[in-house]
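Remarks on the structure that follows.
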Amino acid sequence: MAIYLHRGQKILVQGITGRQGTFHAQQMRAFGANVVGGTSPGKGGTLVDGVPVFDTVREAVGETGATASIVFVPGPYTKDAAFEALENGIRLLVLIPEHVPVADSIDIVTRAQDLGADVVGPNTFGVISPGEGTKMGIMPNHIYRPGEVGVVARSGTLSYEIAYQLTNAGLGQSTVVGMGGDPVVGGTFVSVLQRFREDAATRAVVLVGEIGGSAEEEAADYLSTLDKPVVAYLAGRAAPAGKRMGHAGAIIERGRGTLESKERALSQAGARVVTVPWDVAPAVAEVLR
Amino acid sequence: MKLYEYLAKQILADAGVPIPPGRVVDTPEDAAAAVREIGPVALKAQVLVGGRGKAGGIKFAETADEAPQVAKQILGMDLKGYRVERLYAEGKLAIEREIYVSVTTDRSRRCPLVMASAHGGVEIEDVEDRHIVRRHVDPRVGVLPYFGKEMAYALDLPAGLAREFGDLVEKLYHIYRQYDAELVEINPLAVVDGHLVAADARLNVDDSALFRHRALPVVEEGTPTEHKVSEIGLAFVELDGDIAIMANGAGMAMATLDTIQHFGGRPANFLDAGGGASVEPTAQALAVLVGMHPKAIFVNIFGGITRCDDVAKAIIQVKNTEGIPVPLVVRLTGTNEKEGVALLEHEGISAYSEMDKAAQQVVALAGEGR
């Protein structure tokens, strides 16, 4: 079992003929993902590494029966791509692009809620379930192993670092979810934790957060319901207030979103809070004991 | 992107929000002319920081005679690190009371949020929660006049103001959507002669949506070095330490700063070299770090999409052109790690595979730490 993904799930790649789309479609398939088609207007009828390309999502869904889609288009075009997917029956949408206008993200997330669809991202590295042998994302394949640790993160490379250390410590992962680094994203820590709660394959959760917003504090409120051990590592201790640390969402605004308040909330809720990335794996080993 | 007050005011006025008469002034003589046109004015420094009044950035000029003298006190002054180049001369108001109102995005509810308080003129964070009224906006529906009117009654505003407040909130929401705003804030929203007037205004536009707003004048914030790196297309923030840092990915870059600090070092910057940056921008960014004259440089790469050999090539390129005259510590793990390490070793640069050991080493080489 896993969350969001399952073995054999039929996946579309929107923007498959672009440099990123082509590369990551190939990497996803190398990991075992069932990529059944791609879209690229004007390139319908062609193949990318043997994967059929369609002009529209409507046609692609009609021909392949896909219900999940991963989007590789520039930020300004993401809303259009997302709505095209949602209106044609896609119910799991992974939005890789960064620089998506927040107003567009609000519209996408609102529409997805109305349709009962899941949105991961935008500005995410995606989702990977090693035990299911599938992924929808841009993470490097070789650092993951099947296992019992669920990981939810706002940041890509930092989650890679942590997954890699878990793997090296013999701690495999059930599902690793990137929520995305933008202010408005489809998932929240709480909605992902709810899924991990239901997931029999997940025995412990690693939460990789950062400064800005209040997602970590809200996650803390949920921990008593989660009923599984949580190890939390948050980045941004050295960040000054008022400066965006790369992610549009990572900013301490007028005293809100500081690391201290997040760590305090998580710690009080019973999470094991570690302050350096290399302490995550040993802490997970301990809570699983 | 934050807009200057005078630009925000112009946008408010265009949307039909009442603002005091005013105009931009950039010389002391022009301040006198403004008083002759408008009457007694507040001369307000046009800088992108809050708390201008307390910092001496807002002063009153009653007459055309005294206006140049008052303007000279503010023009050119340093206001929380920003030089005042321009003033906004605005008709002095006989304010009866001050209200607060803003439209922003609620990140956790993922929808727009209108906030108002009967106690304006101070930062909203300093207002007690029970004095604040919050209403979420359903983006499918938007804001109609009743929405703000209800808020006005919840705030106990006089009935005469409720209708004006309803109209005002509708207009602010329209501006929020039209300009892809992160924040539209009127604080204080003044009551003058029994009517609402926007005495101050903030309008921050979502950087990711600037492609839809090419007509807006570009307002540049930040240091010259920050501008240089943003031209390469990378995220960079200058800090006050002396160990320059490059990492790939925003979270990783933040964690790298934290790690340096953990070992007692002082980071000079945040630099996200991108999730998959190629040789050229990486080399350019590294060259900028060298130009900052740090005590040491730390390159911390977890190769995912970024390839370690590309990073190694960038390092070697800078070493053999501009030169790297300070200690350099490199950590390379992940995609094409072996190739990257081999390239560096050929040039006499050793690389670490673990982040903690590398960070400790760079802090020691910078002569810092415990």
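Just so it is clear: chains get the letters A, B, ... in the order the sequence lines come, proteins before strands, and each one is counted from 1.
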Please state whether the side chain, the backbone, both or neither of [X] comes within less than 4.5 Å of a heavy atom of chain A.
X	answer
Ala255(B)	both
Arg212(B)	side chain
Arg140(B)	side chain
Ala209(B)	both

Val185(A) versus chain B, heavy atoms under 4.5 Å apart: side chain, backbone, both or neither?
-> backbone
[X] versus [Y], closest heavy-atom pair with distance:
X	Y	result
Asp180(B)	Ala103(A)	OD1-CB, 3.4 Å
Ala235(B)	Gly246(A)	CB-CA, 3.6 Å
Met254(B)	Ala250(A)	CE-CB, 3.7 Å
Arg110(B)	Gly187(A)	NH1-N, 4.0 Å

Can a salt bridge be assigned to the pair [X] and [Y] using a cut-off of 4.0 Å between side-chain N and carboxylate O?
X	Y	answer
Asp272(B)	Arg244(A)	no
Arg177(B)	Asp107(A)	yes
Arg107(B)	Glu218(A)	no

Verdict with reasoning, Val184(A) to Thr105(B), per side chain to side chain contact (heavy atoms under 4.5 Å, CB included) | CA-CA 8 Å; Val184(A) 169; Thr105(B) 304; 3.7 Å; yes
Side chains of Asp258(B) and Tyr233(A) in contact at under 4.5 Å (non-hydrogen atoms) | yes
